[in-house]
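What follows is a short report on a single structure.
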Amino acid sequence: MTTTRDATPPAVRDARDGRRLPRRWRKAVLVTHVVSAGAWIGIDVIVAVLVLVGWFGGDVQVRSLAYRALATFVVWPMLASGLLALVSGVVLGLGTKWGLVRYWWVAVKLALNLVLCTLILVVLEPGMGAVGTYGQELLDGAPDPAAVSTLFFPPAVSLTTLTLATVLAVFKPWGRTGWGRARRERVEGRA
Ligand code: HEM
């Protein structure tokens, strides 16, 4: 059996398929994207562990340390990895055939990423001062539990959402959006 090779140069093939990012760059950005998304998930796991230690850690010194670590170290690395996943995802979308709003799986991931980064800035970060104070007050014996009563939600919501985003990235469900279908008709009509 003979196979016919596509003699079109790779750069021309990429342009024809709507890929503007050279292959090597696409791979480098994809690595950045997957690593930053993985780091984000890892930081969420650390948050969940610190929250559980804060609640059930037994020793008051250990619980206090968990809350103070949460208040001091977590938010900015989490936001940095979220923004890196966002920026690298946008570069991948714009630089490949996937686009930003051509396919539902990309558009939904974009929305989820934006919502999570906004929640980190608007909900999580402003509450961290009270969490640190609670950790300090645990040692003095007069803490106000309201400061940490809802701390379970941030890691639970974020881990669920990031797992969903990973499933979307791997399975790429739901096909094209209306915009994506219209664009394909335009491009195919021109060919
Ligand atoms: C919410 C956090 C996100 C997570 C956890 C995530 C996860 C992933 C993973 C694991 C892959 C690799 C899939 C594979 O190669 O089979 C991937 C690829 C991709 N992601 Fe994301 N992503 C996120 C956000 C975004 C955003 C905001 C965009 C764009 C707006 C985006 C666009 C893409 C694109 C276009 C690819 C495919 C790249 C290619 O194969 O050329 N992602 N994502």
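Hydrogens, waters and symmetry mates play no part in the numbers below; they use all other heavy atoms, side chains included. What you see is a predicted model; the values in this text were computed from it and never measured.
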For residues 113-147, which residue pairs pass the ring-ring contact (aromatic ring centres under 6.0 Å, His included) check, not counting sequence neighbours?
Tyr67-Tyr134
Within a strict 4.5 Å, meaning less than it, do heavy atoms of the Met78 and Leu124 side chains meet?
yes
The criterion is side chain to side chain contact (heavy atoms under 4.5 Å, CB included); which residues satisfy it with Lys172, sequence neighbours excluded?
Trp98, Trp105
Identify, with sequence neighbours excluded, every residue that meets side-chain hydrogen bond (donor to acceptor under 3.5 Å, both in side chains) alongside Arg176.
Tyr103
Nearest-0.5 Å distance that lies between atom CG in Leu112 and atom SG in Cys117:
11.0 Å
Could you tell me which residues satisfy side-chain hydrogen bond (donor to acceptor under 3.5 Å, both in side chains) with Arg68, sequence neighbours excluded, listed by chain and number?
Ser64
I need the full list of ring-ring contact (aromatic ring centres under 6.0 Å, His included) pairs touching residues 166-187, with sequence neighbours left out, sorted by first then second residue.
none
Let me check something: do Val60 and Val51 share a hydrophobic cluster, defined by ILVMFWY side-chain heavy atoms less than 4.5 Å apart, either directly or through other members?
yes
Listed by chain and number, what are the side-chain hydrogen bond (donor to acceptor under 3.5 Å, both in side chains) partners of Thr177, not counting sequence neighbours?
none
Counterpart residues, side chain to side chain contact (heavy atoms under 4.5 Å, CB included), relative to Leu84 (two or more places apart):
Thr32, Ser36
Establish whether Trp25 and Leu30 are linked, either directly or via other cluster members, by ILVMFWY side-chain heavy-atom contacts under 4.5 Å.
yes
Checking the side chain of Arg102 only, and the main-chain atoms of Lys97 only, is there a donor and an acceptor separated by less than 3.5 Å?
yes
Rounded to the nearest 0.5 angstrom, the CG-CG distance for Leu121 and Leu79 is 5.0 Å
Could you tell me whether the side chain of Ser88 and the main chain of Ala85 form a donor-acceptor pair under 3.5 Å?
yes
Can you list the residues that meet the side-chain hydrogen bond (donor to acceptor under 3.5 Å, both in side chains) rule with Thr161, with sequence neighbours excluded?
none
Smallest heavy-atom separation, Ser149 atom then Ala146 atom, equals OG-O, 3.2 Å
To the nearest 0.5 angstrom, please state how far the CG atom of Leu162 sits from the CG atom of Leu116.
5.5 Å
Could you grab the distance from atom OG of Ser158 to atom CD1 of Ile41, nearest 0.5 Å is fine?
8.5 Å
Run through the side-chain heavy atoms of Ile, Leu, Val, Met, Phe, Trp and Tyr, join any pair under 4.5 Å, and report what else lands in Val35's cluster.
Val31
Determine, using the 4.5 Å side-chain heavy-atom cutoff (strictly less than), whether Val148 and Leu65 are members of one ILVMFWY cluster.
no
Side chain to side chain contact (heavy atoms under 4.5 Å, CB included) evaluation trace for Leu70 with Leu151
CA-CA 10 Å; Leu70 196 56; Leu151 263 187; 3.7 Å; yes
In this structure, CG of Leu119 is separated from CG of Leu114 (nearest 0.5 Å) by 11.0 Å
Members sharing Phe73's hydrophobic cluster (side chains within less than 4.5 Å):
none
Using modelled atom types only, decide if a donor and an acceptor are shared between the side chain of Arg63 and the backbone of Gly54 within a distance under 3.5 Å.
yes
So how far is it from Thr96 OG1 to Arg23 CZ, rounded to the nearest 0.5 Å?
12.0 Å
Set of residues satisfying side chain to side chain contact (heavy atoms under 4.5 Å, CB included) with respect to Ala66, sequence neighbours excluded:
Leu50, Val53
Selection residues 40-61 - residue pairs positive for ring-ring contact (aromatic ring centres under 6.0 Å, His included), sequence neighbours left out
none
Walk me through whether Val90 and Leu94 qualify under side chain to side chain contact (heavy atoms under 4.5 Å, CB included).
CA-CA 6 Å; Val90 167; Leu94 293 175; 3.8 Å; yes
Check Ala169 against Lys109 and note the closest heavy-atom contact, atom names and distance.
CB-NZ, 3.5 Å
With a 4.5 Å limit on heavy-atom distance, are the side chains of Val101 and Val106 in contact?
no
Should Ile43 and Val157 be counted in the same cluster of Ile, Leu, Val, Met, Phe, Trp and Tyr side chains packed under 4.5 Å apart?
no
Hey, any chance Val75 and Leu83 share a hydrophobic cluster, counting ILVMFWY side chains that come within less than 4.5 Å of each other, even indirectly?
yes
